[in-house]
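Counting convention: from 1, in listed order, for ligands and their atoms alike. When a residue number appears, it is its place in the shown sequence, counting from 1.
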Amino acid sequence: MLSIPDLIKKKRDGGELTDQEIKTFIDSVTKKTIQQCQTGAMLMAIWQKGMADRETQTLTKEMMSSGEVMSWPKEWAGLMVDKHSTGGVGDKVSLVLAPALAACGCKVPMISGRGLAHTGGTLDKLESIPGFNISQSGAQIQEIMSSVGCCIVGQTEALVPADRVLYALRDATSTVDSLPLIAGSIISKKGAESLSALVLDVKFGRAALYKDLDSAKELAQLLVSVGNGLGMRTGAVLSSMDATIGRCVGNSLEVIESLETLKGNGPDDLMELVTTLGGLLLVMTGVVADQSEGRRKISEAVIGGAALSKFQAMMERQGVANQTARSLCSAHTDYYSILRRSEHQRELEAPADGVVQDVDGLTLAEVLHKLGAGRSRAGEAVNHSVGAELLVSLGQKVQKGVPWLRLHYEDPSPTPEQILRLQNVLTLGTNNNKQTEMLVKETLLPPR
Ligand code: IUR
């Protein structure tokens with residue numbers, strides 16, 4: 001049996017680790033018998049030399065087995081589903097998709113994350129709702145799944161402990177952007193949810209982890225192959241992430257936009273993502289025969305209000321007072337009587353007449369992050385009320401002086417430089433052709 005330094009050397013020199021050697025590495029990480037510097041060195045060796053598909057598959061399986069693997073009642077077999085997004089600006093898809101899938105008869109034990117850097121986290125968004133409790137035990141999750149059909153919760157201590165250690169060290173050793181390490185991290189956690197089907201929203205573009213379609217596709221193919229290798233039907237969509245998803249960015253504002261979507265007033269791009277991802281899951285679980293039927297079923301669940309009822313029930317089960325949940329879901333609610341509104345708002349005006357050609361979602365998110373909407377380190381607090389509403393859409397004709405962005409801020413106030421950066425988020429031009437490009441560029445289905 002090779003020692004840990006020998007394993008590091010083997011990988012460093014470009015060798016392929018055996019299944020047993022990968023197991024030894026992950027076991028020593030979980031049991032904390034390995035020194036941190038050795039784990040860091042192994043991560044860097046993996047970052048530099050990569051892993052063969054078999055190694056990535058074994059790494060993922062061993063990470064998944066490092067902790068508790070959830071189990072579900074037999075009668076839910078085939079219905080357990082979830083989705084993962086590689087992170088976007090204004091990405092509130094989970095808040096609409098989870099209840100829509102539950103309304104279609106699926107079981108959705110959605111384990112989500114918090115925002116880091118410029119991407120927002122689903123848990124932070126939900127925590128802007130007074131009382132919403134993302135910490136639920138395994139037994140509570142079972143109960144919510146049984147009574148409602150969906151929950152959105154944080155990762156428990158018991159789930160994939162190896163990832164907790166590796167993820168923190170990847171951050172500290174500049175090894176986050178390694179395909180096998182990303183695949184191991186994402187898929188091991190979904191594997192531990194014991195899913196029947198998983199859909200991945202892999203983003204590409206200015207505000208995404210991978211900027212170009214080809215690299216995003218490489219990641220998507222690896223995630224799909226590793227997910228299927230673990231026995232989950234896994235598919236992926238490649239969707240562009242240049243502007244924002246919907247018109248609101250920031251935790252409370254995104255909850256409001258999600259609720260409006262669940263009341264049938266959602267923006268087209270958000271609905272496109274929700275119906276595409278949901279439709280794919282319905283195909284993979286066999287609830288429908290094809291993608292267009294899946295899309296239609298999800299769309300009906302949203303437009304017809306069934307998904308809103310599920311969201312209300314989920315809020316109630318996860319700690320929100322019944323009166324509050326009911327009020328948030330009523331037709332003409334005053335959201336700000338429940339969600340905190342920022343102390344200040346400021347509208348930015350269009351500098352000239354023109355047609356909206358581009359909205360730079362990354363710059364917008366970076367400025368909002370500095371104003372307190374996001375966090376730079378795990379554990380930091382976020383200000384739920386900070387955010388922005390886009391008041392125009394791509395292809396829209398605007399006149400000089402018309403407000404195009406409403407900024408919601410508190411302390412700190414935006415500096416003149418930040419206002420300048422925000423002004424540069426909007427690009428006006430003369431091209432009158434309304435942009436109707438679809439967000440979803442490609443779909444990868446699991447092998448039959
Ligand atoms: N999300 C995860 O859960 N793991 C990762 O490695 C990345 C995002 I990047």
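- Residues passing the salt bridge (charged side-chain N to carboxylate O under 4.0 Å, His left out) test with Asp13 are Lys9, sequence neighbours excluded.
- Phe204 contributes atom CZ, which lies 9.5 Å from atom CG of Asp212 (distance to the nearest 0.5 angstrom).
- Screening Thr86, Asp201, Asp91 for a side-chain hydrogen bond (donor to acceptor under 3.5 Å, both in side chains) involving Ser239 leaves a single residue, Asp201.
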When you look at Tyr335 and Glu260, which way does the side chain to side chain donor-acceptor pair (under 3.5 Å) test go after all the steps? CA-CA 10 Å; Tyr335 291 111; Glu260 279 301 307; 2.7 Å; yes
Pick out the protein N or O atoms lying less than 3.5 Å from any N or O of ligand 1, and list each pair with its distance.
unit_1, atom_1, unit_2, atom_2, d
ligand 1, 3 (O), Lys189, NZ, 2.5
ligand 1, 4 (N), Ser185, OG, 2.7
ligand 1, 6 (O), Arg170, NH1, 2.9
ligand 1, 6 (O), Arg170, NH2, 2.9
ligand 1, 6 (O), Ser185, OG, 3.4

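- Taking CD1 from Ile4 and OG1 from Thr24, the interatomic distance works out to 7.0 Å, rounded to the nearest 0.5 Å.
- Judged by a 6.0 Å distance limit and a 45° cone about the ring axis, Lys11 is not positioned over the six-membered ring of Phe25.
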